[in-house]
There are 2 protein chains.
Amino acid sequence: MKKDNSAKQSLTKNQSLVLQALAEADQPLGAYELLNRLQPSGFKAPLQVYRALDQLVEKGLVHRLESLNAWTACCEDQHSYTPVFAICDDCGNVTEHFDEQLAGNIEKVTKRSGFTPDRSIIEIHGQCDDCGTITQS
Amino acid sequence: MKKDNSAKQSLTKNQSLVLQALAEADQPLGAYELLNRLQPSGFKAPLQVYRALDQLVEKGLVHRLESLNAWTACCEDQHSYTPVFAICDDCGNVTEHFDEQLAGNIEKVTKRSGFTPDRSIIEIHGQCDDCGTITQS
DNA sequence: GGATAAAATGTTAGGTTATAACATAGCCGC
DNA sequence: GCGGCTATGTTATAACCTAACATTTTATCC
Ligand SMILES: [Zn+2]
Ligand SMILES: [Zn+2]
Ligand SMILES: [Zn+2]
Ligand SMILES: [Zn+2]
């Protein structure tokens with residue numbers, strides 16, 4: 001991840017459009033949903049979306065949610081720890097969290113067996129605060 | 001997860017065939033790869049595989065690896081903690097691990113924001129012991 | 001500025017992964 | 001046997017992703 005403070009400034013047109021669409025959405029979006037939303041801006045083929053997404057992930061500005069086949073804008077400009085995503089299965093809302101201890105735990109678990117970690121995926125499905133309160137009533 | 005000790009005994013024909021194919025494989029398998037391997041046993045359509053997989057996951061005998069779009073047989077009959085998968089990007093080998101502290105930390109991170117966790121996905125990509133040793137030479 | 005190389009984009013086609021919809025067959029308690 | 005349930009079979013289609021190749025834009029060096 002070669003992210004720096006100027007990451008957002010060096011974006012190409014397509015990358016900017018995709019990032020903006022993700023930032024404006026209140027949920028993660030699939031590639032084809034992005035394509036739909038960006039057709040007014042001139043997007044015509046899935047590959048345009050996928051290429052921009054790949055580049056944005058490379059820059060650390062966007063994360064892919066593996067269990068949703070969807071992408072979301074990163075919550076901040078810089079973070080050194082692996083993000084933990086909390087995914088509400090009721091309303092679709094996703095939040096990004098960090099925990100220093102977690103990063104250490106993950107390394108510990110795998111290194112017991114000689115494994116060399118590269119990138120980690122942590123996605124927690126459940127119920128967000130809003131949705132949990134509603135159903136408890 | 002309504003897994004019990006008799007889970008394996010109450011399997012239907014299709015479920016048994018899919019579980020056996022996964023147990024015999026040395027790597028996680030995709031649904032269509034499973035279909036290929038099970039065609040001699042009479043499987044003809046993807047849905048037969050997907051339905052058996054869903055049921056096996058429900059019983060806790062099979063795990064889905066979200067970042068691989070693949071499935072693997074569970075390493076043991078019972079485990080209470082969320083499994084951590086170490087995925088070697090070189091050889092494709094996947095191992096299942098457990099860590100009480102890690103599971104607790106993940107819950108803690110999300111509960112700070114009022115989130116109620118249901119199921120967690122932890123998949124770590126990297127290099128296994130064998131592959132790491134080779135490239136270091 | 002002009003030649004060159006690298007990166008980004010456009011476009012078509014095709015491959016992989018997963019589900020919808022509907023029909024059929026077996027099982028079990030009544 | 002009847003009704004309800006689960007599992008299965010079958011066809012079609014949706015959703016997600018990439019290969020291949022042509023073109024344009026951008027960066028770099030002289
Ligand atoms: Zn982030
Ligand atoms: Zn919610
Ligand atoms: Zn397991
Ligand atoms: Zn390996």
Side-chain angles (χ1 to χ4, degrees), chain A residues 2 4 6-22 25 27-59 61-72 89 92 121 123 125, chain B residues 2 4 6-22 25 27-59 61-72 87 89 92 121 123:
Chain A
K2 40 180 168 174
D4 59 32
S6 65
K8 278 187 188 170
Q9 284 151 32
S10 64
L11 295 181
T12 66
K13 189 187 64 168
N14 284 4
Q15 289 163 24
S16 296
L17 287 167
V18 169
L19 181 58
Q20 194 180 342
L22 285 176
Q27 300 186 356
L29 299 178
Y32 280 71
E33 175 59 28
L34 276 167
L35 177 58
N36 282 339
R37 299 190 183 197
L38 291 172
Q39 264 163 356
S41 305
F43 276 57
K44 288 180 181 169
L47 204 47
Q48 296 176 287
V49 179
Y50 281 108
R51 284 204 274 233
L53 285 170
D54 286 347
Q55 293 152 342
L56 289 167
V57 167
E58 176 73 12
K59 290 173 195 284
L61 297 171
V62 163
H63 300 295
R64 172 172 160 84
L65 293 159
E66 298 288 345
S67 60
L68 296 179
N69 290 338
W71 282 265
T72 189
D89 289 325
I121 294 153
E123 300 177 10
H125 287 254
Chain B
K2 41 178 169 175
D4 59 33
S6 64
K8 278 188 187 169
Q9 285 153 29
S10 65
L11 295 181
T12 65
K13 189 185 65 169
N14 284 4
Q15 290 164 23
S16 295
L17 287 167
V18 168
L19 181 57
Q20 192 180 344
L22 284 176
Q27 299 187 356
L29 299 178
Y32 281 72
E33 175 58 28
L34 275 167
L35 178 58
N36 282 339
R37 299 192 183 197
L38 290 172
Q39 264 163 357
S41 305
F43 276 58
K44 287 180 181 168
L47 206 46
Q48 297 177 286
V49 178
Y50 281 108
R51 284 204 276 233
L53 285 170
D54 286 348
Q55 293 151 342
L56 288 167
V57 168
E58 176 73 14
K59 290 173 194 284
L61 297 172
V62 163
H63 301 295
R64 172 174 160 84
L65 295 159
E66 298 288 345
S67 59
L68 296 179
N69 292 335
W71 283 264
T72 190
I87 301 167
D89 290 325
I121 294 153
E123 300 177 10

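In what follows, chains are A, B, ... by sequence order, proteins preceding strands, each numbered from 1.
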Closest-nucleotide 5' rank along DNA chain D - winner of A/D54 and B/Q55:
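Whichever sits nearer the 5' end wins; that is B/Q55.
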Please tell me which of A/W71 and B/N14 maps to the more 5' nucleotide of DNA chain D, matching each residue to the nucleotide holding its nearest heavy atom.
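Counting from the 5' end, the first nearest nucleotide belongs to B/N14.
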Looking only at atom types and distance, does a side-chain atom of A/Q20 sit under 3.5 Å from a main-chain N or O of A/L17, one as donor and one as acceptor?
no
What is the separation between atom [atom1] on [X] and atom [atom2] on [N], rounded to the nearest whole Å?
X     : N      : atom1 : atom2 : value
A/L29 : D/dC16 : CG    : P     : 11 Å
A/K44 : C/dA13 : NZ    : C1'   : 17 Å
B/F43 : D/dA7  : CZ    : P     : 14 Å
B/L38 : D/dG9  : CG    : P     : 12 Å
A/L68 : C/dA18 : CG    : C1'   : 15 Å
A/L35 : C/dG10 : CG    : C1'   : 13 Å
A/L11 : D/dT25 : CG    : C1'   : 16 Å

Considering heavy-atom distances to DNA chain C, does A/A52 or A/A45 have its closest nucleotide positioned more toward the 5' end?
A/A52
Counting side-chain heavy atoms from CB outward, which of [options] is closest to [X]?
X     : options                : value
A/Q15 : D/dT18, C/dA8, C/dA18  : C/dA8
A/Y50 : D/dC17, C/dT17, D/dT10 : D/dC17
B/L47 : C/dA21, D/dA19, C/dG10 : C/dA21

Would you say [X] reaches [N]'s phosphate, i.e. side-chain N/O to OP1/OP2 under 4.0 Å?
X     : N      : result
A/R51 : D/dA19 : no
B/Q48 : D/dT8  : no
A/N69 : C/dA18 : no
B/T12 : D/dT8  : yes

What distance do [X] atom [atom1] and [Y] atom [atom2] have between them, rounded to the nearest 0.5 Å?
X     : Y     : atom1 : atom2 : answer
A/L38 : A/F43 : CG    : CZ    : 5.0 Å
B/I87 : B/L65 : CD1   : CG    : 5.0 Å
A/Q15 : A/E58 : CD    : CD    : 10.5 Å

Side-chain contact test, heavy atoms from C-beta onward, threshold under 4.5 Å: evaluate it for A/L34 versus A/L53 and give yes or no.
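SC-SC contact between A/L34 and A/L53 confirmed.
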Is there a donor N/O on one and an acceptor N/O on the other, under 3.5 Å, for the side chain of B/Y32 and the base of C/dA18?
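By the distance-only test, yes, there is a pair.
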